[in-house]
S.K.: 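Could you have a look at this structure, given as structure tokens, before my questions?
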Amino acid sequence: MNPEKLSLALLLPLQIVMNSVALLPFALAWYVGFTDWTPTTVSNFWEANFVGPSNFITYLSDAFFGEAVLRTLFIVAVVVPVEFALGFMLAYVFSGEFRGKKIATTIVLVPMMVVPAVGGYMFYLIFLESGPVNGFLKFVLGEQAGMAFLNYPATALMAIMLADIWQWTPFIFLIMVSSFLSLPQDPINAAYVLGASRGYTFRHVVLPMLKRPMIIALILRGIEALKIFDGVYIMTRGGPGTSTQTISMYLYEWGFKYFRYGYVTSESLTILIVLAIAGWYLVKPLRGE
Amino acid sequence: MNMKLTKLWTTFSRWIIVIGAIFFALFPVYWMVKISLVGIAEWTPAETLWLPQKITWYNWAALFIPRGTLMEMGWFPGLMESEMVSTTATHAVLNSLTMALGGTAIAVAIGTLAAYSMSRYRAGGNFLPYLFLTFRMLPPMAIIVPIVIWYSTLHLFDNRIGIMLLYGLFPVPFVIWLMRSFFDEIPKEIDEAAIMDGCTPLASFYKVILPLTRAGVAVTALFIFILDWSDLLVAITLTRVRAVTVTVQLGLYQAEVGSLYGVMAALGIFAIIPTLIFGLAIQRYLVRGFTFGAIKG
């Protein structure tokens, strides 16, 4: 087989799987998204009414959808900077030498190896009324303190964000610590020899060299945080009410609880297109130096 | 003196941070282990109990014993049979295992072939690898909506093969990027030498290059297994009875009335054992895995 043919043949198995379970449904979605199909009224999509672009207009004024989008952006805007700050600080500490560093590194990485749904359950238990957070609050503030955190919108959202921070701070830590350790030492030593202070060297020599891993860490984490679902599903199912509903949770509810297939398909298509375009530009820093 | 004080302060603050991080990382795990080891009376006590008062294995046993037998055992006083989950976790564990293994095999196979093509023949130039990277950036919930519709139409809903195919497709961008980075580390001269010795291009791939990247394939496979085993989203949208996974089963214990906190915690611990072991085994490669080979670590 000549190389030209071989290179195409090697791509064939991937192409077959992708076309059969992803590309065809995506093509079909372009029809379903323009219908009012709900499988509870008619069982097949071709029996549903073709409603034109009305789904695409309806969701623009859907308050639940808009709130879910804003809430998700809010979560990203809170958790990503917090995770970055904590992870970066920890990586800086771990860039030096100290006793027990190897085992400490492994322990710090444990949360990101936990199944996300299980991580969500851990924080569900922690924020129960009989959980350790209340135990601590009662110990400090007295018996009247303590509440069912997951039953109130603000504290439920906070609990979800804390679970995410617990799980994914190690992600930033992992990227930054390996970047710290692979820094070339010569420029840093040269700066010290020239009489630069630690702070100056860090700001003007170390930080510029860390720019690429920092950007990669922020982008990857930001994109992942946008998808947040597992923890929310286990901890609150989007409740109380819809107060912790994220984009993914919203699509899940409207798709698989209320079965508004046509409607959520139109929303899914929009989300996919917007994020595909954004993603194409966002992955640029991963393309190497 | 001043220098000494500064140094002391640095050491001290470092230890505070390290110990704080270790505590923060492990406490939630400890708490779930604790809940999994105590009886129903200690699941949600009136006062927070920091340590288990009486350790039992009931929760762990309850995962694998049918609810009828469980009622006779009387391990969970106050719970009705209808509040118990109707199926044991055995079925879900076997499902998770087969579907994650099958998905990993599919993903590694089709992804490695494609990665080799992209690494050695530059198939699709720069565009193709970045297209797959962009795919991975898309929210899976938006992708799954059309797939659920497609699968329902094909009667593949709640079907293990159908889910295995998705577990084989979704992690492919990781396989492509990881394997590409491993292939790129093998000098082109080795291919050329193989061809000179009379290997066909195909034979030089599976007789020379693939054996050289054995470790890379193993790391990739473990990484993909962790991703597939951890999945909740695909399983929760595409399974009902036959194909439920461990993560879906986890949610079943969380009923409206009387959640089975301890049993759910036991299943949670069970679910994270393989990911912890495999994760630690490939710790050195986790950076490369999660950054699609962009940072080698």
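Just so it is clear: chains get the letters A, B, ... in the order the sequence lines come, proteins before strands, and each one is counted from 1.
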S.K.: Name the option with the most non-hydrogen atom pairs under 4.5 Å to chain A; the candidates are B:Leu165, B:Leu233, B:Thr153.
M.R.: B:Leu233
S.K.: Can you list the residues that meet the side-chain contact (heavy atoms from CB on, under 4.5 Å) rule with A:Glu97, with sequence neighbours excluded?
M.R.: A:Lys101
S.K.: Could you tell me which non-hydrogen atom of B:Leu286 sits nearest to which non-hydrogen atom of A:Met113, and how far apart they are?
M.R.: CD1-CE, 3.6 Å
S.K.: Pick one of side chain, backbone, both or neither for A:Tyr92, based on which atoms fall under 4.5 Å of a heavy atom in chain B.
M.R.: neither
S.K.: Does any heavy atom of chain B fall under 4.5 Å from the side chain of A:Phe94, the backbone, both, or neither of them?
M.R.: side chain
S.K.: With chain A, which of B:Ile17, B:Ile149, B:Ile269, B:Ile147 has the greatest number of heavy-atom pairs at distances under 4.5 Å?
M.R.: B:Ile149
S.K.: Does B:Tyr261 offer a backbone N or O that forms a donor-acceptor pair with the side chain of A:Tyr121 under 3.5 Å?
M.R.: yes
S.K.: Of the backbone (N, CA, C, O) and the side chain (C-beta and beyond), which part of A:Phe139 lies under 4.5 Å from a heavy atom of chain B, both, or neither?
M.R.: neither
S.K.: Quick one: closest heavy-atom pair of A:Arg99 and B:Trp15, and the distance?
M.R.: O-CH2, 3.5 Å
S.K.: Can you confirm whether A:Phe98 is buried at CZ, in the sense that more than 12 heavy atoms of other residues, nucleotides or ligands lie under 6.0 Å from that atom?
M.R.: yes
S.K.: Distance from A:Ile271 atom CD1 to B:Met141 atom CE, nearest 0.5 Å?
M.R.: 10.5 Å
S.K.: State, with a plain yes or no, whether a side-chain heavy atom of B:Val29 is found less than 4.5 Å away from one of A:Met122.
M.R.: yes
S.K.: Specify the closest pair of heavy atoms between B:Thr291 and A:Leu286, including all atoms of both residues, with the distance to one decimal.
M.R.: O-CD2, 3.7 Å
S.K.: Identify which part of A:Leu28 has an atom lying under 4.5 Å from any heavy atom of chain B, answering side chain, backbone, both or neither.
M.R.: side chain
S.K.: Is A:Lys138 close to B:Thr48 at the side-chain level, that is, under 4.5 Å between some pair of heavy atoms?
M.R.: no
S.K.: Could you tell me which of B:Ile236, B:Ile226, B:Leu156, B:Ile273 has the largest number of non-hydrogen atom pairs under 4.5 Å with chain A?
M.R.: B:Ile236
S.K.: Which bit of A:Leu128 is near chain B, if near means a heavy-atom gap under 4.5 Å: side chain, backbone, both or neither?
M.R.: side chain
S.K.: Relative to chain B, which segment of A:Val110 carries a heavy atom at a distance below 4.5 Å: side chain, backbone, both, or neither?
M.R.: both
S.K.: With a 4.5 angstrom heavy-atom cut-off, is it the side chain or the backbone of A:Asp230 that approaches chain B, or both, or neither?
M.R.: both
S.K.: Within residues 109-117 of chain B, which positions have a heavy-atom distance to chain A below 4.5 Å?
M.R.: B:Ile110, B:Leu113, B:Ala114, B:Tyr116, B:Ser117
S.K.: For the residue pair A:Trp280 and B:Phe127, categorise the inter-ring angle as parallel (less than 30°), tilted (30 to 60°) or perpendicular (more than 60°).
M.R.: tilted
S.K.: For the interface with chain A, which of B:Asn126, B:Val148, B:Val172 has the highest count of heavy-atom pairs at distances below 4.5 Å?
M.R.: B:Val148
S.K.: Taking side chain as C-beta onward, heavy atoms only, is B:Leu232 less than 4.5 Å from A:Phe229?
M.R.: yes
S.K.: Go through B:Leu128, B:Ile143, B:Leu131, B:Thr44 and name the one with the most non-hydrogen pairs under 4.5 angstrom from chain A.
M.R.: B:Thr44
S.K.: Side chain, backbone, both or neither: which part of A:Leu226 has an atom under 4.5 Å from a heavy atom of chain B?
M.R.: neither
S.K.: Which bit of A:Pro111 comes within less than 4.5 Å of chain B, counting heavy atoms only: side chain, backbone, both or neither?
M.R.: side chain
S.K.: Are any non-hydrogen side-chain atoms of B:Met32 and A:Ile126 less than 4.5 angstrom apart?
M.R.: no
S.K.: Checking heavy atoms, do the side chain of A:Ser20, its backbone, both or neither come under 4.5 Å from chain B?
M.R.: backbone
S.K.: Counting only non-hydrogen atoms closer than 4.5 Å, does A:Ile107 touch chain B with its backbone (N, CA, C, O), its side chain (CB onward), both, or neither?
M.R.: both
S.K.: Chain B heavy atoms under 4.5 Å from A:Met249: which part of the residue, side chain, backbone, both or neither?
M.R.: neither
S.K.: Taking side chain as everything from C-beta outward and backbone as N, CA, C, O, which of these in A:Trp46 sits under 4.5 Å from a heavy atom of chain B? Side chain, backbone, both or neither.
M.R.: side chain
S.K.: Could you check which of A:Leu12, A:Thr105, A:Leu11 has the highest count of heavy-atom pairs closer than 4.5 Å to chain B?
M.R.: A:Leu11
S.K.: Quick one, B:Ile295 and A:Ser178 - any side-chain contact, counting heavy atoms below 4.5 Å?
M.R.: yes
S.K.: Which answer fits A:Leu174, side chain, backbone, both or neither, if we ask what part of it has an atom under 4.5 Å from a heavy atom of chain B?
M.R.: both
